Amino acid sequence: MDEDIHSFSHEPYIERYYQRRYSADVGGQVGNDHCILYHSNKVCVVTISRLHPIVTEKKEISKVDFKITEKLNRTINSISGKKKKGAQKLNGKSPICKVDCSDGTSYNLYACVRGLLIEANERLLETPQLLQQCPNAEGYFCIIMAKLNEDVLGTLMTEEAYLEFVKSRPSQPVQEGTNATPTAET
Amino acid sequence: MTNDSEEERISNLLANKHICTRCLLRFRGLRDADVYCLKNDEILLQFKSFSPKKATTVRGCFSCFGILDDSMAQEHADAIMKAIDESKFEFADFLGQLSLCPSFAIHQKLIELFLAAEGIADVRTTPMKQAWKWTCGPILEERLGKLYSMDSRFNVHIQTQTDSANELCVRLMSLFETAKAKRIRRTTFTQAEVNGALSRVSLEKLIEICGPWRPLVGLDIVVTLLHEPIFIGGRYNKLSRTLPQSPWLVDGERRRDSSVEELISVPIREWLHCTATTFSSSGREDVDVRTLGRGRPFLIECLNPQLVNSIAANTHRIEETINSRTSEIRVSYLTVIPKDKTDTIKIGEEDKTKTYRALCYCPAGIDDGELARLCAIGTLDLIQKTPVRVLHRRPLLDRRRTIFSMNYQLVDERHFYMELKTQAGTYIKEFVHGDLGRTTPNVTDLLGKETDILSLDVLEVDVEWPPACLLAADKAVMTSDDSP
C-alpha cells in the first residue's frame, strides 16, 4: 500500500531461493538426468530434469519404490534434532528410488550429492505421476542436507553446461520442456 | 545450649590458643547480635568472666584469620568503599555476602574436635557468616550510609582467600583419596568434597595438617559488586526490509552491521551503565519482513546494571533516544517490568494469534471471484513440514497450524494483498507458495495456479504486553506526545 509493488523481485520463488545444477546420464543410464535445486543453506532438493524422458515423453508411471535392500528403505529414516541425528548417510552414487513406467522402462534415481538424507518424498508412493507432472518442484524425490564443505555448485553442471551436453548427446530426441525455463544464469 | 560452666571451660581451653574475642563467643554458642557489634573492649567488659589475659584481640585469629576483628573490618569497609567509588552503582540498600575459602572450615573443625576431645559434649558454634554479618554489618552501614537489608537488590560480595587454603586442602584430601586420584594430583576441591573429608578426619591428623596454635596471617579479600537484573520491556516496529532481528553471522562474519536487538539494547546499556543484556521477544520476523501496528513485544534483561535510580521515570527518554538514532525501527510502550511479570511474554506463545499482510503475485492472472472463493473458506487447518529454507537449523517436523481468517484486496490483474489471521508459529510464505507441496493446503493449490509471495508485513502480534497493570501506572508518567 505504501510500497511500490514493482520494486519487489518477481522471480518465481524457486529461482529466488535455489540455484540449479544438473547431473546427466546418472547411474550410467543415458537420459537419466537429474536436477539438483541447491538452497543457500546447503539443503538440496533433488528432482528429475525437465529433459528426462519421463517428462518429455509424458510417460505414465506405475510405481516409485524407495526400498533399496531388505534392510534399507529410504522412507524409513527417523531423524531427530537440528543436527539430523539418525539420518541415512549418502554419497553421490547412493540410490534413492526406482521408478517403473507402464511402457516397461524403468529408471534408478540417485542422490547426486553427498550428505544426509532428510526426506524421501512419500507423496510419490501415492501419486507417482507427480514426478512427471512437476519435475522441478513438487515432483522432487528426495531432500539432502549436503555436507558442510561439499562444493555442490562447483562439481555439478550449470544450466548452460547441461544444455550443451544434451545437444551433443546422441540419439535422444530433445524437446525443451514446457515447465518454467529459468532465464537467469546462475 | 551450653551451660555456664561449660562456657567457662571453653574459654579456658581456648585461652592461649590465639582465638579472638568474637570467635570465643562463637564457640561458646552466643547468638546475640547486639553483642557481636560491640567494640572489642566493650565485649570484654560485658563478659567479666573473660579475664584480660584469657581473651585477646589477636590479629590473625586461629579460627577466623582476623575477619571478625574490629580493625580488619574497617580495612575491608575501605576496600568496599573504594570499589563502590570506582563504579557507578546507585543503590538504596545493600546485602553483604561472605564467601569463605576452605581454610575456615578446616580450622573450625580442628577447634571443634579439640573441644570435644576435652569433654565438651555438644559444641554449638555460631556460624562464621552469621557472626560476620552481626559484626561487620553495622560497620558497613555506617561507612556506606545505607541500610543492610536481606531484600536488597544490590549485593556486596566478599570472597575470602588465604595463602594456606590450597595447601590445607591438598593435605586434607590426600588422606582420603584413592590411588587413582593421587596420580591426577588435584589442587582444587569442591565444598562438598572438603566437608565430606572433614566429617571423617581425626583430631590428630588435623593437628598435623593445620600446624600449631598460632596467629594466622595471609587473609585477602576480593570485593565484587552486583546488582540484580533489571527488566525493561516494550514493543518494537521494524520498518526496514534489510534489518535482521538479531545479529546475523555467517561463518563468523557479520552479514549486516546492525540488528533490531542491538538498536534497542545498546542505548539501554548506555543508560543503565551495564555491560551485558539478553534480548527476547514474542516470536521473530525474517529480515525482509516489516512489523507494523502496535509492534512486537520484547523484553530486555539488563545484567548487573549500575545507574538504576532514574530508569523508571525515564523510559520515555530512552525511547526517544532509540527512535532518534535510527529510522529502521521504532520502540514504544517502553517500561520497567517487575521480575514476576516477565514470563507473560512467552506464556501461551503457541496460542497467540498473529495478523499478516502478504503481497501475492499470480503470473497467470487472478480475478476477484477466485479470491472471494478462497477467502470464503474461512478457517483452514494446515500441516506444514519444516520449510526447506530453515531445514538446516530446525528439526524435521510436521507442524499443525490454523489459519483463522483470510481477506483480500485486488491490486491489478496479477497482484493482490491478502490479510491473514493465523495461529502463532505459522510459516506464511510457505502457505502461499506451498514449499514444493510440503505445506498443505496452500494458496497455490487452492487457487489452482502458481502463486508467489512478494512481500510480507506483520500487522499485529496479539499479546498483552507490557502487562496491563503496568501500562496504567505508566500512563500517568508519560507525556502527551508519546507513542501510538
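Remember, it's a predicted structure, so these values are computed and weren't measured experimentally. Throughout, a chain's letter reflects where its sequence line sits, starting with A, and its residues are numbered from 1.
- Side-chain contact, A:Asn41 with A:His39: a donor N or O sits under 3.5 Å from an acceptor N or O.
- Contact of A:Tyr17 with chain B is made through the side chain alone, with heavy-atom distances under 4.5 Å.
- At a 4.5 Å heavy-atom cutoff, the contact between B:Val390 and chain A is made by backbone atoms alone.
- Defined by atom type and a distance below 3.5 Å, a donor-acceptor pair is present between the side-chain atoms of B:Arg399 and B:Thr386.
- Donor-acceptor pairing under 3.5 Å is recorded for the side chains of A:Gln88 and A:Arg74.
- Most heavy-atom pairs under 4.5 Å with chain B, from the set A:Lys84, A:Met145, A:Lys85: that is A:Lys84.
- For B:Leu391, the parts sitting under 4.5 Å from any heavy atom of chain A are the backbone and the side chain alike.
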Subject >> Stepwise ring pair (Phe, Tyr, Trp, His ring centres under 6.0 Å) check, A:His34 with A:Tyr22 >> reply: CA-CA 6 Å; A:His34 296 12; A:Tyr22 294 87; over 10 Å; no
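- Cation-pi geometry between B:Arg357 and B:Tyr417 is met: under 6.0 angstrom from the ring centre, within 45 degrees of the axis.
- Only the side chain of A:Ile143 comes within less than 4.5 Å of a heavy atom of chain B; its backbone N, CA, C and O stay farther away.
- For A:Asp33 and A:Tyr162, the side-chain atoms include at least one donor-acceptor pair closer than 3.5 Å.
- For B:Arg389, the parts lying near chain A are the backbone and the side chain together; criterion is any non-hydrogen pair under 4.5 Å.
- Ranked by heavy-atom pairs under 4.5 Å with chain A, the first of B:Arg394, B:Glu450, B:His392 is B:His392.
- The CG atom of B:Asp457 lies 10.5 Å from the CD atom of B:Glu285; values are rounded to the nearest 0.5 Å.
- For the residue pair B:Asp381 / B:Thr402, a side-chain donor-acceptor distance below 3.5 Å is found, with atom types taken as modelled.
- Close approach to chain A, defined as a heavy atom under 4.5 Å from one of its heavy atoms, is seen in B:Lys429, B:His433, B:Asp435, B:Leu436, B:Gly437 of residues 426-437 of chain B, taken by number.
- Looking only at heavy-atom pairs under 4.5 Å with chain A, the residue among B:Ile453, B:Val388, B:Asp288 that has the most is B:Val388.
- Contacts of A:Lys42 with chain B are absent, with no heavy-atom separation under 4.5 Å from either backbone or side chain.
- Remark: A:Tyr107 engages A:His52 in a ring pair (Phe, Tyr, Trp, His ring centres under 6.0 Å) (not counting sequence neighbours).
- In this structure, chain B has a heavy atom under 4.5 Å from the side chain of A:Ile14, while its backbone stays farther away.
- Looking only at side-chain heavy atoms (C-beta outward), B:His415 and A:Phe8 stay at 4.5 Å or farther from each other.
- Interface residue B:Arg438: backbone and side-chain heavy atoms are both found under 4.5 Å from chain A.
- For the residue pair A:Lys59 and A:Thr105, a side-chain donor N or O sits within less than 3.5 Å of a side-chain acceptor on the partner.
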